Amino acid sequence: MCGIVGYIGQKSAAGFLIEGLEKLEYRGYDSAGVALLDVEQEPLQIIKHQGKVAATAAAVAAIKPTGTSGIAHTRWATHGEPSDRNAHPHADCRGTIAVVHNGQLTNYQALKKQLTAQGHTFQSDTDTEVLAHLLEDFRKNGDDLVTAVQKTTQVIAGGTFALVAIDAATPDTLVAACMGSPLYIGLADDGLFLASDHRAFRAHTDKSVQLKDGQMAIINADHTYRVVTFDNHQSPHDIQQLKYQLEDIEKGTYATFMEKEIVEQPDVVRRVLDGRSTDDGMVRLGGIETHPEFQSFIKKQLHDVLILGCGTSLYAGETVARFFQEHGYEVQAMDAAEFATSSFQVKPTTLVVPMSQSGTTADLLVAMEKVKAAGAVSFSLVNVPGSKLTSYGTGMYLHAGPETGVASTKAFTAQVLSGALLVLALAQESRLNAPHVAAFTERAKTLSFAIEKILAQSDDYKKIGQSLKDVPRMLYIGRGYGLAVAKEGALKMMEIARIPSLGMSAASMKHGPIALVDSETVVVAICIHDPKVPELYDLTVSNVEQVLARKGRVIIVAEEGDDRVATLGPNGQHPEAVISVPKVHYGILSAITTMIPLQILALAAAEVRGMNVDQPMNLAKSVTVL
Ligand code: M6R
């Protein structure tokens with residue numbers, strides 16, 4: 001949460017900084033700001049505004065700054081309301097040192113009290129501002145900026161941060177430090193960058209250095225840079241070549257990133273499967289094959305499985321958990337934050353499977369520290385290459401490509417399918433015969449065509465979504481694999497269309513939520529045949545009858561050829577829409593085919609309600625605070 005950009009070079013910094021902020025706006029959009037060093041004018045120009053980057057961009061454009069170094073920030077508010085005053089960058093008392101920061105400083109209140117007592121004047125309610133005043137004190141005492149930042153990192157020990165500092169007294173240098181929040185250096189011909197995500201500078205270079213926790217970067221106007229530890233020793237680092245192209249992080253012809261990402265799902269499925277099965281259909285995962293110790297764990301110790309995730313990743317995890325169960329594993333999927341704060345312990349025989357699009361979700365990373373401390377084995381499913389989650393145990397990449405819309409879509413599909421491959425890869429060692437695995441991988445290869453068929457019906461689903469414009473509340477119900485889909489469908493509708501929506505087991509509706517059903521309530525029911533549990537379909541259908549009997553409005557997601565669902569209900573009270581998806585013969589694959597129309601429904605409902613689809617209110621893409 002929050003996006004940081006820094007630039008230093010021989011060219012005007014403002015354009016690079018604003019462009020970077022626009023690319024990072026998915027990380028937070030409560031306010032934005034820049035601090036620029038322009039020796040021709042004021043020593044340090046700070047321009048910041050509440051609201052989207054566009055407001056700051058317009059103010060910067062009006063000033064036409066020519067400074068060749070600067071720092072910038074787009075904020076998701078943690079400490080202090082979204083306002084001009086609380087927008088970053090924050091400056092010291094003299095306005096000559098400025099700081100941008102992503103993370104949380106746990107001891108900032110004590111520091112603020114102490115600094116105020118020493119005579120410092122604070123302008124904002126943020127935790128970040130203490131950094132500027134600490135730097136001011138160290139600089140006053142004769143430390144150079146690098147030493148001042150190093151000493152500051154000691155004082156704020158315990159917090160999480162990625163920070164960049166600029167000082168009018170040393171205009172040729174920017175200094176950054178990193179602990180628990182991502183930070184990258186961009187090595188471009190046009191100059192050097194610092195950013196929370198390399199997307200901020202991808203238009204200018206494909207060369208990047210990812211800072212590790214405990215590292216600092218000093219980047220200079222003469223195009224040199226150093227990476228050192230917090231105690232000023234040279235620190236090893238790799239220059240990474242970014243593999244994605246610029247068009248992967250741009251909307252192209254689509255109105256929203258979310259729509260683009262929904263449409264990409266057939267390709268995502270192909271990428272997930274690519275190179276992960278042998279000619280005879282057995283699953284092969286690099287994260288297992290190249291880790292003999294993990295193979296030995298699977299064969300000799302593995303007893304049970306714990307899946308951890310948050311939001312969409314948790315629902316994908318619940319789907320994968322059911323597939324583990326089908327293959328005889330003792331398994332549970334838990335909200336990572338709940339696990340982290342519970343007395344629940346993992347055993348040396350537990351395989352932990354953390355799932356995350358970003359790989360930086362703070363709740364999950366704290367949970368993984370608990371897993372690490374317990375010495376448990378983990379296998380991550382993660383989308384963003386090199387993200388913090390990849391530093392725990394082995395794992396596999398989702399290959400979904402950059403996901404920018406705050407509402408997660410293609411990552412859900414990639415997580416469910418990747419999770420299925422993991423289950424088969426583990427089970428084929430001990431519990432499964434080859435034909436079973438081969439039958440699944442053959443069927444999975446047809447999934448991309450099923451999704452293309454679904455996407456071809458998008459206009460019809462959009463009309464259904466638009467019909468939800470004034471709906472006051474929605475329930476999503478499902479059983480078996482439909483349960484996690486119901487929860488995920490409701491999450492999508494809530495976060496982008498802002499229609500209060502509950503996702504639940506169709507069975508549990510009668511234990512309370514059915515009290516909400518009336519002629520204004522829309523109930524979305526996932527009615528799919530699960531070959532392993534045939535009774536689920538009839539049970540769900542009878543729950544739909546209970547809604548129709550109470551005059552609820554019903555939308556059904558069913559399989560092609562299911563003529564029964566349209567006729568449910570008493571005369572004149574039938575479902576108002578039936579969404580038909582291709583049969584995919586495996587419950588876990590049906591979680592993907594049934595979810596995609598619900599993504600489209602939420603998208604269309606949000607658009608017709610005039611919502612900002614990609615940047616929904618109060619949210620940010622990567623949740624890096626607890
Ligand atoms: O990056 P992660 O997958 O770890 O993110 C987890 C959740 O924050 C995320 O899925 C969130 O719930 C999405 N906004 C849902 O669309």
Side-chain angles (χ1 to χ4, degrees), residues 1-2 26-29 76 181-182 196-197 256-259 261-262 265 268 307-320 333-340 352-368 378 380-390 392 395-416 418-419 476 484-499 501 503 595-596 598-603 605-606 611-626:
M1 279 172 157
C2 300
Y26 72 91
R27 300 179 67 87
Y29 32 84
W76 187 87
S181 293
S196 311
D197 180 339
T256 61
F257 277 108
M258 183 182 179
E259 179 154 17
E261 288 156 9
I262 289 172
Q265 291 179 101
V268 170
I307 300 176
L308 297 174
C310 301
T312 293
S313 296
L314 174 61
Y315 301 144
E318 290 178 0
T319 306
V320 173
M334 262 181 107
D335 182 299
E338 286 303 312
F339 166 75
V352 179
V353 181
M355 293 174 50
S356 175
Q357 188 287 126
S358 63
T360 57
T361 298
D363 289 326
L364 183 59
L365 297 180
V366 171
M368 289 309 291
S378 65
S380 311
L381 270 56
V382 60
N383 194 35
V384 176
S387 55
K388 176 75 182 166
L389 186 58
T390 62
Y392 299 93
M396 68 194 283
Y397 281 126
L398 300 177
H399 296 309
E403 193 181 65
T404 304
V406 165
S408 193
T409 51
K410 59 179 179 172
F412 175 84
T413 292
Q415 283 174 325
V416 170
S418 303
Y476 285 70
V485 173
K487 294 187 203 172
E488 172 63 3
L491 173 61
K492 290 289 90 90
M493 189 60 83
M494 256 187 299
E495 69 178 330
I496 62 166
R498 299 190 71 224
I499 299 176
S501 305
M595 188 54 225
I596 290 171
L598 302 187
Q599 295 168 349
I600 298 169
L601 229 58
L603 170 72
M611 303 295 168
N612 186 327
V613 168
D614 287 332
Q615 295 174 351
M617 194 162 150
N618 297 338
L619 287 166
K621 180 72 182 160
S622 309
V623 186
T624 56
V625 294
L626 296 175

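In this text the structure is predicted, and so the values were computed from the model without any measurement. One-based numbering, in listed order, for ligands and for the atoms of each.
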| said: Could you measure the distance from the CZ atom of Arg27 to the OG atom of Ser622? Nearest 0.5 Å is fine. | reply: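 Those atoms lie 5.0 Å apart.
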Side chains of [X] and [Y]: do they bring a donor and an acceptor to under 3.5 Å?
X      : Y      : value
Thr312 : Lys492 : yes
Ser313 : Gln415 : yes
Asn612 : Tyr29  : no

- Message: Using a 3.5 Å distance criterion without hydrogens, assess whether the side chain of Lys410 forms a donor-acceptor pair with backbone atoms of Pro402.
- Response: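 Yes.
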Could you report the tightest heavy-atom contact between Tyr315 and Phe412, atom names first, then the distance?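 Minimum heavy-atom contact is C-CE1, 4.1 Å.
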Can you give me a line-by-line list of nitrogen or oxygen pairs between ligand 1 and the protein shorter than 3.5 Å?
residue: ligand 1; atom: 1 (O); partner: Ser356; partner atom: OG; Å: 3.4
residue: ligand 1; atom: 1 (O); partner: Ser358; partner atom: N; Å: 2.8
residue: ligand 1; atom: 1 (O); partner: Ser358; partner atom: OG; Å: 2.6
residue: ligand 1; atom: 1 (O); partner: Thr361; partner atom: OG1; Å: 3.4
residue: ligand 1; atom: 3 (O); partner: Ser313; partner atom: OG; Å: 2.6
residue: ligand 1; atom: 3 (O); partner: Gln357; partner atom: N; Å: 2.7
residue: ligand 1; atom: 4 (O); partner: Ser356; partner atom: OG; Å: 2.6
residue: ligand 1; atom: 4 (O); partner: Thr361; partner atom: OG1; Å: 2.5
residue: ligand 1; atom: 5 (O); partner: Thr361; partner atom: OG1; Å: 3.4
residue: ligand 1; atom: 10 (O); partner: Thr312; partner atom: N; Å: 3.1
residue: ligand 1; atom: 14 (N); partner: Val406; partner atom: O; Å: 3.0
residue: ligand 1; atom: 14 (N); partner: Glu495; partner atom: OE1; Å: 2.9
residue: ligand 1; atom: 16 (O); partner: Thr312; partner atom: OG1; Å: 3.3
residue: ligand 1; atom: 16 (O); partner: Ser408; partner atom: N; Å: 2.9
residue: ligand 1; atom: 16 (O); partner: Lys492; partner atom: NZ; Å: 3.0
residue: ligand 1; atom: 16 (O); partner: Glu495; partner atom: OE1; Å: 3.4
residue: ligand 1; atom: 16 (O); partner: Glu495; partner atom: OE2; Å: 2.3

